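Note that the structure is predicted; figures quoted are calculated from it, not measured.
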Amino acid sequence: MTDTLTKTAAANAPINDTRKQELLSKEVKHVDIKSFDARPIIDAMSDMSFTSRDLGRATGIYNQMLADPDCTVCLVIAGSTSAGGCMDLYAELVRNNMVDCIVATGATIVDMDFFEGLGHKHYQALEIPDDDTLRSLYIDRIYDTYIDEEALQNVDHTIFEIAESLEPKAYSSRAFIREMGKYLVEHGKKENSLVKLAYEHDVPIFCPAFVDSSAGFGLVKHQVDAAKEGRPYLMIDAVADFRELTQIKIEAGTTGLLMIGGGVPKNFIQDTVVCAEILGHDDVAVHKYAVQITVADVRDGACSSSTLQEAASWGKVNTGIEQMVFAEAGSVMPLLASDAYHRGHWKNRAKRGWAKLFK
């Protein structure tokens, strides 16, 4: 009981602004894949063994996707690599026509990218005090990365404002995220935002668990306020997400998956093959290329760690051109992306513009 009272008192105490500034003093700097050429490193790693060779082969497969004139590349993101320094990396993939469709967690798109698009920052944890102390300072922690909770609440309220401005109807997460991109074009404070660039380049973004993020808080407030006032409100249509993503798979034909992490986004994009078949499109092929970077343990029985070979048994992925890389993605994605950028296959790619399917 005493411990509970102590924690409650700490949570209600005034915020120590000086201490908070000390802890939020070093910004996370996002890696610039254009500033270095990883080709010699990847070439060398390809001649090594273990994870190094796996990364070399995975990078080669991603380059195959970019070189294949018929291939639509789907970027799939789960985990906190955006907060940890890969945010500009993903933005550059969109800017340079290296991905055509994105499936991600709400945290990646809303709490991290849109958050920085509004002008907020992520910070390196130079020290990690007791997490109750962090709570008393309104600092949220992702491993060794800090987020200012007060800034994050600005995201909640901005999502609420966007929802209030839209026609009250059902929206897929793709449709709502497009409105977020439009908002950043008009009000954003960062050019290298994945959400903003995706809007500008007609690259659709899907978040199958969209409300599991700051978007959820803003949308709940929108619905509750509207209900109290007796007016209609908008809602997120998860079925529309699946239908739209499957439509892209049907139209695209040849597809390749570049997956960081796993979870719901991984299963969601893979399931489009099965969904297309259920809709009567027996001619839709499995995903031709697939790369997954993960630290999930294959022994735990979870989707995140299930191998791409396993996905073949479900009729989702081609077993011939796939590679699992068991590594922390923030450590290896800069190498993979820099290699692909400097090899330049993206320069000859046709722009898909899949978002135009839904205009």
Side-chain angles (χ1 to χ4, degrees), residues 30-79 81-82 84-104 108 194 203 254-262 265-266 269-270 287-296 298 304-305 307-309 311-312 317-349:
H30 299 289
V31 67
D32 179 2
I33 62 172
K34 300 181 296 183
S35 67
F36 63 96
D37 187 348
R39 286 177 293 179
I41 302 174
I42 292 295
D43 287 341
M45 294 176 83
S46 298
D47 291 329
M48 296 170 66
S49 293
F50 314 133
T51 302
S52 296
R53 184 166 63 176
D54 291 343
L55 178 61
R57 185 167 187 272
T59 304
I61 291 174
Y62 180 45
N63 278 300
Q64 282 182 264
M65 297 183 207
L66 297 175
D68 186 337
D70 299 322
C71 182
T72 284
V73 179
C74 301
L75 175 65
V76 183
I77 314 172
T81 50
S82 290
C86 290
M87 195 174 296
D88 287 357
L89 181 162
Y90 299 136
E92 286 297 337
L93 297 186
V94 171
R95 187 191 300 278
N96 295 291
N97 195 32
M98 298 171 73
V99 296
D100 307 300
C101 175
I102 298 168
V103 183
T108 293
L194 180 67
V203 174
T254 302
T255 47
L257 309 181
L258 176 58
M259 298 187 286
I260 295 89
K266 171 188 176 181
I269 186 65
Q270 289 183 340
H287 296 295
K288 182 176 181 180
Y289 310 93
V291 167
Q292 184 184 0
I293 302 171
T294 182
V295 291
V298 295
S304 293
S305 61
T307 64
L308 296 168
Q309 291 282 333
V317 174
N318 172 25
T319 60
I321 317 175
E322 56 82 22
Q323 183 63 54
M324 298 290 297
V325 181
F326 291 98
E328 193 277 305
S331 300
V332 297
M333 268 304 293
L335 298 176
L336 180 149
S338 173
D339 177 279
Y341 175 81
H342 285 93
R343 291 194 195 273
H345 295 300
W346 53 272
K347 296 177 182 178
N348 300 315
R349 294 189 78 231

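- Rounding to the nearest 0.5 Å places OG1 of Thr72 at 11.0 Å from NE2 of His287.
- Annotation: the span from Ile102 atom CD1 to Cys74 atom SG amounts to 10.0 Å, rounded to 0.5 Å.
- Within the structure, salt bridge (Lys or Arg N to Asp or Glu O under 4.0 Å) pairs that include any residue of residues 85-97 comprise Lys34-Glu92, Asp88-Lys190, Glu92-Arg95 (at least two apart or interchain).
- In terms of modelled atom types and a separation under 3.5 Å, the side chain of Asn96 and the main chain of Met98 share no donor-acceptor contact.
- Rounded to the nearest 0.5 angstrom, Ser331 OG and Leu336 CG are separated by 13.0 Å.
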Subject >> Full working for side-chain contact (heavy atoms from CB on, under 4.5 Å) between Met324 and Thr294 >> reply: CA-CA 8 Å; Met324 298 290 297; Thr294 182; 3.9 Å; yes
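- Contacts of Asp68 classified as side-chain hydrogen bond (donor to acceptor under 3.5 Å, both in side chains), with partners at least two apart in sequence or in another chain: Tyr289.
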For a quick test of your reading: what N or O donor-acceptor pairs under 3.5 Å do the side chains of residues 43-56 make, sequence neighbours left out?
| from | atom 1 | to | atom 2 | distance (Å) |
| --- | --- | --- | --- | --- |
| Asp43 | OD1 | Arg343 | NH2 | 2.8 |
| Ser46 | OG | Ile42 | O | 2.8 |
| Asp54 | OD1 | Gln323 | NE2 | 3.3 |

Original post:
Asp70 and Lys288: salt bridge (charged side-chain N to carboxylate O under 4.0 Å, His left out), yes or no, with the steps?
Top reply: CA-CA 11 Å; Asp70 299 322; Lys288 182 176 181 180; over 6 Å; no
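- Taking Ala78 as the reference, Thr105, Pro265 meet the side-chain contact (heavy atoms from CB on, under 4.5 Å) condition, with sequence neighbours excluded.
- Contact between Met65 and Cys71 at its shortest, heavy atoms only, is O-CB, 3.5 Å.
- For the atom pair CG of Leu75 and CG of Leu258, the computed distance is 5.5 Å after rounding to the nearest 0.5 Å.
- Within the 3.5 Å criterion, the main-chain N or O of Tyr341 finds a donor-acceptor partner in the side chain of Trp346.
- Taking 4.5 Å as the limit, some side-chain heavy atom of Arg349 sits within range of a side-chain heavy atom of Leu66.
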**OP:** Apply the test side-chain contact (heavy atoms from CB on, under 4.5 Å) to residues Phe326 and Val295: give CA-CA distance (whole Å), side-chain angles for both, the deciding distance (0.1 Å), then the verdict.
**Re:** CA-CA 5 Å; Phe326 291 98; Val295 291; over 6 Å; no
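- Considering Val31, Ile41, Asp32, Ile33 as possible partners of Ser338, the one that fulfils the side-chain contact (heavy atoms from CB on, under 4.5 Å) test is Ile33.
- Listed by chain and number, the residues in a side-chain contact (heavy atoms from CB on, under 4.5 Å) with Ala329 are Thr81, Ile260, Ile293, Met333 (sequence neighbours excluded).
- Applying the side-chain hydrogen bond (donor to acceptor under 3.5 Å, both in side chains) rule to Ser82 yields no partners; only residues at least two apart in sequence or on another chain are considered.
- Judged purely by atom type and a 3.5 angstrom limit, Gln292 uses its side chain to pair as donor or acceptor with the backbone of Gly261.
- For the atom pair OG1 (Thr108) and CG (Leu194), the distance works out to 9.0 Å, reported to the nearest 0.5 Å.
- Residues passing the side-chain hydrogen bond (donor to acceptor under 3.5 Å, both in side chains) test with Gln64, sequence neighbours excluded: none.
- In plain terms, the two heavy atoms of His345 and Asn63 that are nearest each other are CD2-OD1, 3.5 Å.
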